[in-house]
Amino acid sequence: MRVIFLFVLAFSTLSLVAQNQVKLKGQLVNFSNQVEVEDLSEFQYLLPPSADRMIVPDAEGRFSINFPLQAPNYFRIGRNILYLSPGDDLNLVIDYNKNLAASFEGQGSEANLYLRGTPFPKGGSFLEAGRRIGKTPDETIDSIMEAALRRLNELTALRSVTKEFKRLEEARIKADIINSLKMVRSYAGSARHLDETQRKEFITQYAEISAPIIEKFMMGFVDASYLKLVVYRDICADLIKVNPNAPDSRKIQDWLTANSLVRGMQKLNDKEEISAVKSKITAIQTSEYRDAALQFHAMLMKFGKGDKAVDFTALNSDGTPVNLSSLKGKVIYIDIWATWCGPCMAEMPAYEKLKEQFKDRDDVAFISLSIDSSPEIWKKNIESRNATGYQWYINRNKLDAYNIVGIPRSILIDKDFKINEMNAALPSAKNLPAQILELTGSQAD
């Protein structure tokens with residue numbers, strides 16, 4: 001009996017692990033060779049970046065990836081929004097240039113087929129980048145409402161999606177209506193089918209007609225759970241102005257504050273300035289947003305500009321182990337790349353040109369650091385290009401301190417072996433040579 005109990009317990013544990021995983025496989029078309037399954041929730045920019053959901057497809061774009069997921073959430077691959085739940089197992093084909101043509105099969109497919117038609121908030125949602133601007137304000141408003149009604153009918157027709165998905169998507173439709181109505185005046189100002197006089201008249205009339213309609217949709221629409229939706233986040237600041245006493249107004253304001261502080265910290269290079277932001281973060285009342293922002297703050301404080309570079313061991317083109325610290329005393333520029341990264345390969349000519357520019361200086365070192373899936377692939381590539389200089393290879397996992405999530409990525413280290421830039425300018429940047437030269441403390445020869 002004890003053996004049976006242990007077997008059942010082990011089987012149940014394995015089932016629970018499987019239920020907390022998402023499986024995606026299929027093909028990506030017209031993508032670069034490194035694709036992130038991007039978190040689209042309100043924590044999209046609050047939490048530190050992660051490489052847990054990075055797709056590296058093969059030469060034909062085929063891939064397979066599993067990742068943990070504790071609760072349903074929105075994600076994005078290319079221009080397609082996905083709604084994934086624990087236990088989803090999807091076969092998909094996504095073309096970056098044709099989001100409406102994406103195909104999904106398997107558990108979770110119906111929701112994701114519906115999401116292909118999600119309006120783009122930055123394009124004015126139902127305005128479709130201004131294409132729905134009519135000859136009159138009334139005609140334009142009617143066009144927005146007709147588009148929203150069609151979307152609502154499509155949502156109502158879904159049969160295998162959860163009540164929560166429908167609740168969120170109904171909120172998205174309402175938020176898209178508000179976003180569309182608010183952006184009409186911006187698009188009307190450049191509408192080609194209206195002359196200058198007609199545009200001015202349109203905008204004046206629309207301001208009067210639309211104001212009460214927008215306010216009607218905004219009233220009672222404050223719900224922090226809708227922050228999962230990008231378009232809701234785009235309008236939430238206006239929503240809490242209209243509904244300042246709503247129960248969730250404080251939570252939404254906390255999200256806005258946390259998001260603003262994190263974005264601000266990312267622009268700072270001085271650790272003293274970053275450190276000073278912590279007191280503002282700790283003042284945030286909503287714990288999940290405060291804690292997320294504190295995680296980002298801790299990441300920036302842990303290692304960055306002004307800190308001693310973390311040493312690592314790589315392999316050179318001869319297969320010999322080499323240490324970063326062997327180049328102490330020089331200005332070190334590290335170009336991190338892989339053969340499967342299209343943008344990385346596009347930077348190679350600029351990297352070679354940059355290296356050539358400093359070839360006669362012994363106080364500058366350029367490291368071409370590959371994180372390819374195997375040293376054989378890397379070596380074949382550098383041999384085909386007759387690449388010279390410091391050609392190194394390393395497993396990405398050995399670069400944890402440098403938080404290598406996406407590439408191309410460059411790191412700049414000064415003569416004192418301290419980080420000058422964790423995210424340095426790419427080789428093609430025009431200001432990079434001057435920045436390197438300044439770190440040498442001398443003039444060009």
Side-chain angles (χ1 to χ4, degrees), residues 32-34 36 45 48-49 51 54 262-271 273-274 296 299-310 312 314 324 327-372 382 385 387-392 394 396 399-445:
S32 66
N33 292 323
Q34 178 181 260
E36 181 185 2
Y45 301 115
M54 197 67 68
V262 167
R263 288 178 179 271
M265 283 191 297
Q266 289 177 286
K267 298 176 183 178
L268 302 176
N269 284 320
D270 189 294
K271 279 198 172 184
E273 293 179 343
I274 296 172
F296 209 107
M299 181 197 73
L300 294 175
M301 290 297 295
K302 182 178 180 181
F303 181 61
K305 186 179 178 71
D307 289 328
K308 183 178 178 181
V310 174
F312 58 76
L324 177 65
L327 297 173
K328 278 184 178 180
K330 300 176 184 289
V331 173
I332 306 170
Y333 182 82
I334 307 174
D335 178 49
I336 304 171
W337 65 284
T339 57
W340 43 259
C341 172
C344 298
M345 301 311 296
E347 285 285 334
M348 280 300 175
Y351 175 80
E352 293 298 332
K353 184 178 180 181
L354 180 69
K355 190 172 63 174
E356 177 69 17
Q357 187 173 343
F358 287 86
K359 68 177 182 179
D360 296 327
R361 302 191 67 105
D362 60 6
D363 55 352
V364 181
F366 292 90
I367 301 174
S368 179
L369 183 63
S370 169
I371 57 171
D372 262 296
I382 62 172
R385 293 188 289 111
T388 59
Y390 296 113
Q391 299 293 328
W392 292 4
I394 195 169
R396 184 203 291 253
L399 295 172
D400 282 349
Y402 292 91
N403 194 36
I404 308 301
V405 176
I407 55 175
R409 166 87 178 273
S410 298
I411 299 168
L412 189 57
I413 300 171
D414 67 20
K415 286 185 173 184
D416 295 323
F417 205 58
K418 292 182 178 179
I419 299 295
N420 181 263
E421 293 288 349
M422 280 283 279
N423 292 278
L426 295 178
S428 58
K430 293 182 179 179
N431 65 330
L432 181 57
Q435 186 179 6
I436 294 173
L437 190 61
E438 183 179 354
L439 290 177
T440 66
S442 60
Q443 299 296 315
D445 294 337

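Since the structure is predicted, the reported quantities are computational estimates derived from the model, not experimental observations. Excluded from the calculations below are hydrogen atoms, water molecules and symmetry mates; all remaining heavy atoms, backbone and side chain alike, are included. The chain is numbered in sequence order, starting from 1.
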Query raised in the report: Rounded to the nearest 0.5 Å, what separation is found between the NZ atom of Lys305 and the CE atom of Met422?
Result: 12.0 Å
Report summary line: Separation between CD1 (Ile336) and SG (Cys341), nearest 0.5 Å, reads 11.0 Å
Query raised in the report: Hey, is the main chain of Gly306 close enough, under 3.5 Å, to the side chain of Lys271 for a donor-acceptor pair?
Result: no
Query raised in the report: Hey, what do you get for CG (Leu300) to CD1 (Ile274), rounding to the nearest 0.5 Å?
Result: 5.0 Å
Report task. Decide if atom NZ of Lys302 counts as having more than 12 heavy atoms of other residues, nucleotides or ligands within a radius under 6.0 Å. Result -> no
Report summary line: Rounded to the nearest 0.5 angstrom, the CD1-CG distance for Ile411 and Asp335 is 10.0 Å
Report summary line: Taking every heavy atom of Ile404 against every heavy atom of Ile407, the minimum-distance pair comes out as CG2-CG2, 3.9 Å
Query raised in the report: Any side-chain donor paired with an acceptor under 3.5 Å for Trp392 and Ser370?
Result: no
Requested in this report: Measure from the ring center of Tyr390 to the ring center of Phe366 and say whether it is less than 6.0 Å.
Outcome: no
Report task. Report the C-alpha distance between Lys415 and Leu439 in whole Å, list the side-chain angles of each, state the deciding distance to 0.1 Å, and finish with yes or no for side-chain contact (heavy atoms from CB on, under 4.5 Å). Result -> CA-CA 7 Å; Lys415 286 185 173 184; Leu439 290 177; over 6 Å; no
Query raised in the report: Any chance the side chains of Asp372 and Thr339 put a donor and an acceptor closer than 3.5 Å?
Result: yes
Query raised in the report: Atom CD1 in Ile332, atom CG in Asp363: separation rounded to 0.5 Å?
Result: 11.5 Å
Query - Backbone of Tyr402 reached by a side-chain donor or acceptor of Arg409 within 3.5 Å - result: yes
Requested in this report: Tell me, yes or no, whether the heavy-atom count around Glu273 atom CD, taken from other residues, nucleotides or ligands under 6.0 Å, exceeds 12.
Outcome: yes
Query raised in the report: What distance do Lys308 atom NZ and Lys418 atom NZ have between them, rounded to the nearest 0.5 Å?
Result: 10.0 Å
Query raised in the report: Does Glu356 pair with Lys353 as a salt bridge, N-O distance under 4.0 Å?
Result: no
Report task. For Gln391 and Thr388, indicate whether the former's side chain and the latter's backbone hold a donor-acceptor pair under 3.5 Å. Result -> yes
Requested in this report: May I ask you to test the Leu324-Ile413 pair for a side-chain heavy-atom distance under 4.5 Å?
Outcome: yes
Requested in this report: For Ile394 and Leu399, run side-chain contact (heavy atoms from CB on, under 4.5 Å): C-alpha distance rounded to whole Å, both residues' side-chain angles, the deciding distance at 0.1 Å, then the answer.
Outcome: CA-CA 8 Å; Ile394 195 169; Leu399 295 172; 3.7 Å; yes
Query raised in the report: Can you find a side-chain donor-acceptor pair between Tyr333 and Ser410 that sits under 3.5 Å?
Result: yes
